[in-house]
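Chain identifiers are assigned alphabetically (A, B, ...) following the order of the sequence lines, protein sequences preceding nucleic acid strands; residue numbering begins at 1 within each chain.
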Protein chains: 2
Amino acid sequence: MRRSKAEATETVRTLLEVARAHFTEHGYANAALESIVQEANVTRGAVYHHFRSKKELFRVVLENAQREVADRVEREASTSDDLWQQLRLGCRAFVMAAVEERNRRILLIDGPAILGWETWREMDRAHSMRLLREQLGTMRDHGFFPAIPLEVLTHFISGGLNETALWLANQALQPNVADETMKALDALLEGFKHFR
Amino acid sequence: MRRSKAEATETVRTLLEVARAHFTEHGYANAALESIVQEANVTRGAVYHHFRSKKELFRVVLENAQREVADRVEREASTSDDLWQQLRLGCRAFVMAAVEERNRRILLIDGPAILGWETWREMDRAHSMRLLREQLGTMRDHGFFPAIPLEVLTHFISGGLNETALWLANQALQPNVADETMKALDALLEGFKHFR
DNA sequence: TTGTTTACATACATACTGTTTGTATGCTAA
DNA sequence: TTAGCATACAAACAGTATGTATGTAAACAA
């Protein structure tokens, strides 16, 4: 029965992929491990060999998703070297990524509920929120928004983006709605300039 | 065994109260109905007589919490008749209410995860978000933020407030942190004035 | 007063997660 | 090269939770 090391990592990969699809489609609570392992052509024994629990499996899935999103955000933002433009592009990329079905529920809805807000926040801090915070920090060092503590500003914008993405995802996905939303975000961020 | 009508509504009241405490302390998933009914001195039969499911019980608990918060927000906001001041007071009251332990998890974390984002959003729309939206609508009619679609602005601010409240709740609750946060919120909202 | 409905309790079915144990096979050191 | 061990799983089992079907005594309506 035993598989080679290469086969084992492949098993884990498949498991993570299938699990992500099931968590996305049914939500964590309604995603039965049994269904997941059936689709991955293993048994629940395999899961509990590689992961301590269903929650742990979810944690790894979430972490992968967060890394993906953060990478996209960073890549987009780095295409400019104007601070404001970087912020704009980053926020835009984040919303576009969070809107996608394979990210949305896992990242923004189940994440905090399943792992607890503190754990989720800690993970988020290491990924997408980290980028936002760093960017805002740099901007503050250049004299922006002196009146607002960095923490509060970061969380406010982050929360605003999250909610906006969730709302946008539930709109009939006409592309012009997405465009208008992005323009509105631009305008909002533009407003922060006045804090200089 | 049968109780009078008055006793029955009392049973429901107790059930809702105990359930709210358990949902608050352990989260929806880890709050066993069995523990809830034991503390309420009934059996699970009573629950399934008055509610269709555990989820339905949670829905009613959530609705009560939302109503409470919305009432507080409205009451606070109505103490002024300056539009900006109303917005400030309302946001402030919302954050203060959402920070409280008995509201936080139910309102902001488990709500969307358990009932699904769409259902939760619909309920929220009828309560706290409704107030925010109306206020912003009135302000727009007075010429504020013409560049931003009302929907986007409402969701962005609402999400920002939610996340800010969650963050604030997890800070060591020094009162000056709360005060500073509130001042920062003031500054943020102040920034929106420039959209006029 | 009697028939009916209500407000539960109780027993049971069902569905998951998680644990234990077993086992075939890859890997490694002598 | 092979003996011995570790690994990657499978399979059966145990525990816990929700939800359902049924029973029953009291309240209420007639």
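Look at CG on B:Leu57: it is 15 Å from C1' on D:dA17, rounded to the nearest Å. The separation between B:Ile36 atom CD1 and D:dG19 atom C1' is 15 Å, rounded to whole Å. Atom CZ of B:Phe51 and atom P of C:dC8 are 11 Å apart (whole Å). Across the protein-nucleic acid pair, B:Gln38 atom CD and C:dC8 atom C1' stand 17 Å apart, rounded to whole Å. One interatomic measurement links the two molecules: NE2 of B:His50 to P of C:dT6, which rounds to 12 Å at whole-angstrom precision. At whole-Å resolution of the value, NE2 in B:His22 and P in D:dT18 are 12 Å apart.
With sequence neighbours left out, B:Glu25 forms a side-chain contact (heavy atoms from CB on, under 4.5 Å) with no residue at all. Residues that satisfy the side-chain contact (heavy atoms from CB on, under 4.5 Å) test with B:Glu68, not counting sequence neighbours, are B:Arg20, B:Arg102. Taking the side-chain contact (heavy atoms from CB on, under 4.5 Å) definition, one finds that A:Glu76 meets it with A:Ala93, sequence neighbours left out.
Ion pairing of B:Lys183 with B:Glu180 is absent here, as no side-chain N (NZ or NE/NH1/NH2) approaches a carboxylate O to less than 4.0 Å.
Put simply, A:His49 has a side-chain N or O that comes within less than 4.0 Å of OP1 or OP2 on D:dA8. Between B:Thr11 and C:dA7 there is no side-chain polar atom (N or O) within less than 4.0 angstrom of OP1 or OP2.
Two residues are said to be in side-chain contact when any heavy atoms from C-beta on lie closer than 4.5 Å; A:Val60 and A:Val12 fail this criterion.
Residues B:Glu63 and B:His127 have side chains that never bring a donor and an acceptor to within less than 3.5 angstrom of each other.
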Query raised in the report: Where along nucleotides 13-19 of chain C does protein come under 4.0 Å, by heavy atom, of base (B) or sugar-phosphate alone (S), with - for untouched nucleotides?
Result: ---SBBB
Requested in this report: Applying side-chain hydrogen bond (donor to acceptor under 3.5 Å, both in side chains), run through B:Trp167 and B:Glu163 and close with a yes or a no.
Outcome: CA-CA 6 Å; B:Trp167 169 76; B:Glu163 172 70 20; over 6 Å; no
Requested in this report: Represent DNA chain C in dot-bracket notation, 5' to 3'. Only Watson-Crick or G-U wobble pairs with both distances under 3.5 Å count; pseudoknot-style crossings use [ ] and interstrand partners use |.
Outcome: ||||||||||||||||||||||||||||||
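Between B:Asp110 and the options B:Lys54, B:Arg105, B:Lys55, a salt bridge (charged side-chain N to carboxylate O under 4.0 Å, His left out) holds for only B:Arg105.
Every pair tested for ring-ring contact (aromatic ring centres under 6.0 Å, His included) that includes a residue from residues 31-54 of chain A fails, sequence neighbours excluded, so the list is empty.
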